[in-house]
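Because the structure is predicted, anything quoted here is derived from the model rather than measured.
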Amino acid sequence: MSQRQSRSRDSYMRKIDFIFYREKEIRDAVYRARLTIGISSGTLKLINTGGISDPTAMQAVANLTPLKSVVINDGEIIEYPERWLEVIDKTYRYCATSNDCRLEVAKRRYRSEDYRKTCSDLHISDSTRRRLLELVKMYAALQAVQLNLIYV
């Protein structure tokens, strides 16, 4: 039974890693989708605007309606991208309030910086770096659960 739990835990932790690594692509895709909604009046017909016939009001409703999904550069579909961006933002804000260097460790990790450089620059051991990353990912997972993005 513990194997099943660890597989499940590994899958949502991989998802968290994937989302954090692809943050810039997700932000760009959300921006492009919002821009497309603003430009294309045909897109407004696809969004349920609740029977509103005023084009300006329909545009406002379309801009406030959360995106169901976006496609990032490699064709991967990200469901509820704005919620995932909220998870990232909340996690980084939380890390910024901590007294340790977890924010810097996380940002360097998701920019694909070599772990040896991170440890050297921040004067920490690799085990400390891994522990800090685990705390960051656990907080992100809790935020994702709260927003119904993952189930544990």
query = Going by the salt bridge (Lys or Arg N to Asp or Glu O under 4.0 Å) test, which pairs reach into residues 140-152, not counting sequence neighbours?
reply = none

task = Using a strict 4.0 Å threshold on nitrogen-to-oxygen distance, state whether Asp114 and Lys117 make a salt bridge.
result = no

task = Verify whether one side chain among Glu113 and Thr118 offers a donor that lies under 3.5 Å from an acceptor in the other.
result = yes

ask   = Atom CG in Leu133, atom CZ in Arg109: separation rounded to 0.5 Å?
value = 6.0 Å

Check: Ile124 and Cys101 side chains under 4.5 Å, non-hydrogen atoms = yes

remark   = side chain to side chain donor-acceptor pair (under 3.5 Å) filter on Asn73, not counting sequence neighbours, yields none

ask   = Got a sec, which residues hit side-chain contact (heavy atoms from CB on, under 4.5 Å) with Lys15, two or more places apart in sequence or on another chain?
value = Ile19, Trp84

query = Ser98 and Asp100: which non-hydrogen atoms are nearest, and at how many Å?
reply = OG-OD1, 2.7 Å

key: Non-neighbouring partners of Thr128 that pass side chain to side chain donor-acceptor pair (under 3.5 Å), sequence neighbours left out   = Ser125

task = Output all residues satisfying ring pair (Phe, Tyr, Trp, His ring centres under 6.0 Å) with Tyr110, sequence neighbours left out; order by chain, then residue number.
result = Phe20, Tyr21

task = Please tell me if the side chains of Ile77 and Val70 come closer than 4.5 Å, counting only heavy atoms from C-beta onward.
result = no

task = Mind checking side chain to side chain donor-acceptor pair (under 3.5 Å) for Arg83 and listing every partner two or more places apart, or none if nothing turns up?
result = none

inquiry  = Would you compute the distance between atom OG1 of Thr91 and atom CZ of Arg102 and round it to the nearest 0.5 angstrom?
reply    = 11.0 Å

message = Please enumerate all residues that pass side-chain contact (heavy atoms from CB on, under 4.5 Å) together with Glu82, with sequence neighbours excluded.
response = Val30, Arg34, Pro66, Leu67

ask   = Would you say Asp74 and Arg22 make side-chain contact, with heavy atoms under 4.5 Å?
value = yes

request  = Write down the atom of Arg32, the atom of Val71, and the distance for their closest heavy-atom approach.
outcome  = NH2-O, 4.0 Å

request  = Could you name each residue pair satisfying ring pair (Phe, Tyr, Trp, His ring centres under 6.0 Å) that touches residues 124-150, not counting sequence neighbours?
outcome  = Tyr94-Tyr139

ask   = Cluster question for you: counting only ILVMFWY and a side-chain heavy-atom cut-off of under 4.5 Å, with indirect links fine, are Phe18 and Leu147 together?
value = yes

query = Looking only at heavy atoms, which two atoms of Val87 and Ala140 are closest? And how far apart?
reply = CG1-O, 3.6 Å

inquiry  = Once rounded to the nearest 0.5 Å, what's the spacing between atom CE of Met138 and atom CD of Gln143?
reply    = 13.0 Å

ask   = What is the distance from atom CG of Asp28 to atom CD1 of Ile72, rounded to the nearest 0.5 Å?
value = 10.5 Å

remark   = Hits for ring pair (Phe, Tyr, Trp, His ring centres under 6.0 Å) against Tyr31, two or more places apart or cross-chain, chain-then-number order -> none

inquiry  = Salt bridge check, Glu134 against Arg130: does any charged N sit closer than 4.0 Å to a carboxylate O?
reply    = no

task = Taking the six-membered ring of Tyr92 (Phe, Tyr or Trp), confirm whether the NZ or CZ of Lys107 is under 6.0 Å from its centre and within 45° of its axis.
result = yes

query = Asn99: what forms a side-chain contact (heavy atoms from CB on, under 4.5 Å) with it, not counting sequence neighbours?
reply = none

query = Under 4.5 Å between any side-chain heavy atoms of Arg108 and Asp121, yes or no?
reply = yes

query = Quick one: do Tyr115 and Leu132 end up in the same hydrophobic cluster if we chain Ile, Leu, Val, Met, Phe, Trp and Tyr together by side-chain heavy atoms under 4.5 Å apart?
reply = no

query = Is a salt bridge present between Asp126 and Arg116, judged by a nitrogen-to-oxygen distance below 4.0 Å?
reply = no

request  = Would you name the heavy atoms of Ala106 and Val136 that are closest together and state the gap between them?
outcome  = CB-CG1, 3.9 Å

Counterpart residues, side-chain contact (heavy atoms from CB on, under 4.5 Å), relative to Asp89 (two or more places apart) = Arg27, Arg93

request  = State plainly whether one hydrophobic cluster holds both Met13 and Ile78, where clusters connect Ile, Leu, Val, Met, Phe, Trp and Tyr through side-chain heavy atoms under 4.5 angstrom apart.
outcome  = yes

key: Side chain proximity check, Tyr80 to Leu149, heavy atoms < 4.5 angstrom   = yes

task = Would you list the pairs meeting salt bridge (Lys or Arg N to Asp or Glu O under 4.0 Å) in which at least one residue belongs to residues 137-148, sequence neighbours left out?
result = Asp17-Lys137

